[in-house]
Chemist: 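Here it is, the structure in full.
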Amino acid sequence: MIIVGVDDSATSRRAVEWAADDALRMRVPLRLVHAVDRSPYQIERFADPRLPDLMLREGRKLLDEAEQIVRQRQPSVEVETSLAEGVPAEVLRREGDDATELVLGGRRLGGIAGALLGSVSTRVAGHTRCPVVVVPAERRPVYGEVVVGVDDSPECEPALAYAFEQARLRGSRLRAVHAWQLPVHAFAPEATYDMDEVRTARQQLVSDRLARFGRRHPDVQVVEDVHCADPVNALTDAGEHADLLVVGSHGRGAVASLVLGSVSRGTLRHARCPVAVVRPH
């Protein structure tokens, strides 16, 4: 089942549309979830006995509108709604525990707000077991390409599996991006690096990583995109002409998983296309 977070934003509507299309491709049902968070209002100066009912009615209205969007866009998709109480990020993380995918609207923020990225989407993406797709409000043409970040970590494997499957379902080309940077000490005068040798080793790393998935998905056309660059810049640049950008999450343990890794966080902040963050199982 695909879970979609619903609120009153334009990005929420785009997330519902995106999830409806993906539910059709994946042949799974869809659940629309709205969380009613009373906590900001439970202080005396906001005391109003009508407030809980107003919040519930507004939440139900949002869910009904979202359900109508799904039924108009993809009539064959099975859809249900859920009105839950609690902090939205916590509600959605619980919902995502047994989900195939969790889809949320994202907000492009600039300045300090963009740097902090304190939104529900980034808080959920760092914790949820299933892939989390963050969909921007901007409507984009269909490019026929899925982009995935590749590195030498074990956390890359689930992201590759998800990206290959998305490319297969869409009939799209898969662009595997591996961006590497020389360590700082490499620029010392006494350091010697054979750049051709480094490039060859990096290219082999990517080819080896992709080989197993390519055998499972022989119909997926794969483009290996390997170059020396900042990983976030390389991925967001590739995402300019992609329908989906897939990155792995390197959060480890209770403390480390409180924040997303720098690459996944950077792509969520800068990419204009939908971004899927896939954590290790």
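These values consider heavy atoms only, across backbone and side chains, with no hydrogens, waters or symmetry-generated copies.
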Chemist: Measure the spacing between CD of Q74 and CZ of R25 and express it to the nearest 0.5 Å.
Modeler: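 Output value for this atom pair is 8.5 Å.
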
Chemist: First locate atom CD of E17, then atom CD1 of I69, and finally report the distance between them rounded to the nearest 0.5 Å.
Modeler: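 So the CD of E17 and the CD1 of I69 are separated by 6.0 Å.
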
Chemist: List the steps and the verdict of side chain to side chain donor-acceptor pair (under 3.5 Å) for Q68 and D64.
Modeler: CA-CA 6 Å; Q68 189 62 26; D64 290 344; over 6 Å; no

Chemist: Apply side chain to side chain contact (heavy atoms under 4.5 Å, CB included) to V148 and F164, showing your working.
Modeler: CA-CA 9 Å; V148 61; F164 266 91; 6.0 Å; no

Chemist: Measure across L235 and G149 and return the closest heavy-atom pair with its distance rounded to 0.1 Å.
Modeler: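 Heavy-atom minimum between the residues: CD2-CA, 3.7 Å.
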
Chemist: With hydrophobic residues grouped by side-chain heavy-atom distances under 4.5 Å, do V246 and L205 end up in a single group?
Modeler: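 As far as the 4.5 Å side-chain criterion goes, L205 and V246 are connected within one cluster.
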
Chemist: What's the spacing between E78 CD and L30 CG if we round to 0.5 Å?
Modeler: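 E78 CD to L30 CG: 9.5 Å, rounded to 0.5 Å.
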
Chemist: Please give me the minimum heavy-atom distance between T11 and P136, naming the atom from each residue.
Modeler: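 Scanning both residues, the minimum pair turns out to be CG2-C, 4.3 Å.
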
Chemist: Please report the shortest heavy-atom distance between A167 and V220, naming the atom on each side.
Modeler: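 Shortest heavy-atom contact: CB-CG1, 3.9 Å.
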
Chemist: What distance separates D152 CG from W180 CH2, expressed to the nearest 0.5 Å?
Modeler: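 It comes to 13.5 Å.
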
Chemist: Do L174 and Q166 have side-chain heavy atoms sitting under 4.5 Å apart?
Modeler: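 No, their side chains stay 4.5 Å or more apart.
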
Chemist: Answer whether the closest heavy-atom distance between the side chains of R199 and R202 falls below 4.5 Å.
Modeler: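 No, too far: nothing below the 4.5 Å cut-off.
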
Chemist: Test your reading of the model: is there a side-chain donor-acceptor pair from R279 to the backbone of V132, 3.5 Å cut-off?
Modeler: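 Here the side-chain-to-backbone pair does not exist.
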
Chemist: Short question: side chain of S12, backbone of D8 - any donor-acceptor pair under 3.5 Å?
Modeler: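 Side chain of S12 to backbone of D8: no pair is present.
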
Chemist: Taking the side chain as every heavy atom from C-beta outward, state whether R60 and H34 have any atom pair closer than 4.5 Å.
Modeler: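 They are not in side-chain contact.
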
Chemist: Can you name the closest pair of heavy atoms from P231 and V263 and give their distance?
Modeler: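 Where P231 meets V263 most closely, the heavy atoms are CB-CG2, 4.0 Å.
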
Chemist: Are the side chains of P29 and E80 in contact, using a 4.5 Å heavy-atom criterion?
Modeler: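 No; the side chains remain at least 4.5 Å from each other.
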
Chemist: Name the residue from V147, V232, V277 that meets the side-chain contact (heavy atoms from CB on, under 4.5 Å) definition with V247.
Modeler: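 Between V247 and the candidates, side-chain contact (heavy atoms from CB on, under 4.5 Å) is satisfied uniquely by V277.
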
Chemist: Sub-3.5 Å donor-acceptor pair from the side chain of R209 to the main-chain atoms of D151, do we have one?
Modeler: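 Yes, R209 side chain to D151 backbone: donor-acceptor pair under 3.5 Å.
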
Chemist: Would V4 end up clustered with V28 when hydrophobic side chains under 4.5 Å apart are linked, directly or stepwise?
Modeler: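 They do share one cluster, since a chain of ILVMFWY contacts under 4.5 Å joins V4 to V28.
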
Chemist: If you look only at pairs with a residue in residues 231-245, which of them pass as a side chain to side chain donor-acceptor pair (under 3.5 Å), with sequence neighbours excluded?
Modeler: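 Residue pairs passing side chain to side chain donor-acceptor pair (under 3.5 Å), neighbours aside: E240-R272.
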
Chemist: Charged N to carboxylate O under 4.0 angstrom, R73 versus D21?
Modeler: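 Result for this pair is yes, salt bridge flagged.
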
Chemist: To the nearest 0.5 Å, what is the distance between CD on E65 and CZ on R13?
Modeler: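 Reported value, rounded in 0.5 Å steps: 9.0 Å.
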
Chemist: Where is the tightest heavy-atom contact between S264 and G248, given as atom of each residue plus distance?
Modeler: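 Heavy-atom minimum between the residues: CB-O, 3.9 Å.
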
Chemist: Using atom types as modelled and distance alone, determine if a side-chain donor or acceptor of H178 lies under 3.5 Å from a backbone N or O of V150.
Modeler: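 Yes; at least one donor-acceptor contact below 3.5 Å.
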
Chemist: So how far is it from R27 CZ to L169 CG, rounded to the nearest 0.5 Å?
Modeler: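 R27 atom CZ to L169 atom CG measures 9.0 Å (nearest 0.5 Å).
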
Chemist: Should R173 and Y143 be marked as a side chain to side chain contact (heavy atoms under 4.5 Å, CB included) after you check the CA-CA gap, both sets of side-chain angles, and the distance that decides it?
Modeler: CA-CA 9 Å; R173 178 176 56 249; Y143 293 102; over 6 Å; no

Chemist: Passes side chain to side chain contact (heavy atoms under 4.5 Å, CB included), V133 versus L244? Steps please.
Modeler: CA-CA 9 Å; V133 183; L244 178 65; 4.3 Å; yes

Chemist: Going only through I, L, V, M, F, W and Y residues with side-chain contacts under 4.5 Å, is there a path from V223 to V177?
Modeler: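 No, V223 and V177 fall in different hydrophobic clusters.
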
Chemist: Anything under 3.5 Å between a donor and an acceptor, one on a side chain of residues 93-105, the other on a protein residue two or more places apart or in another chain? List them.
Modeler:
residue: E95; atom: OE1; partner: R31; partner atom: NH1; Å: 2.8
residue: T100; atom: OG1; partner: M1; partner atom: N; Å: 3.0
residue: E101; atom: OE1; partner: Y162; partner atom: OH; Å: 2.6

Chemist: Please table the atom pairs, donor to acceptor, closer than 3.5 Å between any side-chain atom in residues 82-90 and protein atoms at least two apart or in another chain.
Modeler:
residue: E85; atom: OE1; partner: R38; partner atom: NE; Å: 2.7
residue: E85; atom: OE1; partner: R38; partner atom: NH2; Å: 3.3
residue: E85; atom: OE2; partner: R38; partner atom: NH2; Å: 2.8

Chemist: Testing the basics here: between A179 and A229, what is the closest heavy-atom pair and its distance to 0.1 Å?
Modeler: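 Minimum heavy-atom separation between A179 and A229: CB-O, 3.5 Å.
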
Chemist: Decide whether L56 and V6 are clustered together by the hydrophobic rule: side chain heavy atoms of Ile, Leu, Val, Met, Phe, Trp, Tyr closer than 4.5 Å, transitively.
Modeler: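 Yes; tracing contacts between hydrophobic side chains, which count when under 4.5 Å, links both residues.
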
Chemist: Is there a side-chain contact between V278 and E157 (heavy atoms, below 4.5 Å)?
Modeler: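 No, their side chains stay 4.5 Å or more apart.
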
